[in-house]
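Keep in mind that this is a model prediction, so the values were computed, not measured.
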Amino acid sequence: RRYGTLLELFEGSQGSFNFMVHDRAVVRRCISVTDFVLESRDYLFHPALVDALRADSDNDRNSLSARGEVDGGSWHASVRGQGVLIEHFGRYEKNNVSLHLLPDGFVHVSRGDIDVLERYRNREALVVRKGSVCQVVPVEAAKALLVRVTGHVPDL
């Protein structure tokens, strides 16, 4: 909330999500079937819910740190070190998506195209920090950032 960064997860998605880097930013949609694709959008799916959560964001009542783990549809969130790991579990194991919430933003590592080994090894990650523009970085740079900031890196 401090930087106004927003993630909107869809229960019925295959791991796609919307995000805004700050309160007045363009809504972006990340479609992550293999390598991720970013689209600009002009709406959120649930703007009234977003407004209610923003109004209540300074209250720890909805804090994940008080619960440790939360399930929501095909998404599962758990506290990991100084961050939060959010995983989407698709029908097929290869379709799982993960988001890593940082104290000042988030990292999304593309699951990559596992049918083409070279593309998988060279996959990229999306990094949003401190309400600034999103950056696309190599997966190894994203892993190093996660270790440095959260002290935790899942098997990516």
Pairwise distance CZ(Phe17) to CG(Leu7) - rounded to 0.5 angstrom: 6.5 Å

Compare all side-chain heavy atoms of Arg28 with those of Met20 and state whether any distance is below 4.5 angstrom. no

All side chain to side chain contact (heavy atoms under 4.5 Å, CB included) counterparts of Val137, not counting sequence neighbours: Ala125, Val127, Gln135, Ala141, Ala142

For Leu145 and Arg129, what are the C-alpha separation, side-chain angles and deciding distance, and is it a side chain to side chain contact (heavy atoms under 4.5 Å, CB included)? CA-CA 11 Å; Leu145 171 67; Arg129 298 194 69 195; 3.1 Å; yes

Residue among Leu99, Leu146, Val139 satisfying side chain to side chain contact (heavy atoms under 4.5 Å, CB included) with Val107: Leu146

Just verifying a value: how many Å separate Arg29 CZ and Glu8 CD, rounded to the nearest 0.5 Å? 10.0 Å

Spatial distance of atom CG (Asn18) from atom CG (Leu6) [nearest 0.5 Å]: 8.5 Å

Decide if the gap between the ring center of Phe19 and the ring center of His108 is smaller than 6.0 angstrom. no

His88 and side-chain hydrogen bond (donor to acceptor under 3.5 Å, both in side chains): which partner among Ser74, Ser16, Ser98? Ser74

Considering residues at least two apart in sequence or located in another chain, which fulfil the salt bridge (Lys or Arg N to Asp or Glu O under 4.0 Å) criterion with Glu140? Lys143

Between Val79 and Glu69, is there a side-chain heavy-atom distance shorter than 4.5 Å? no

Student check: side-chain heavy atoms of Arg80 and Thr150 closer than 4.5 Å: no

Measure the shortest side-chain to side-chain distance between Val84 and Phe106 over non-hydrogen atoms and say whether it is less than 4.5 angstrom. no

Output the distance between atom NZ (Lys130) and atom CG (Leu102), rounded to the nearest 0.5 Å. 11.0 Å

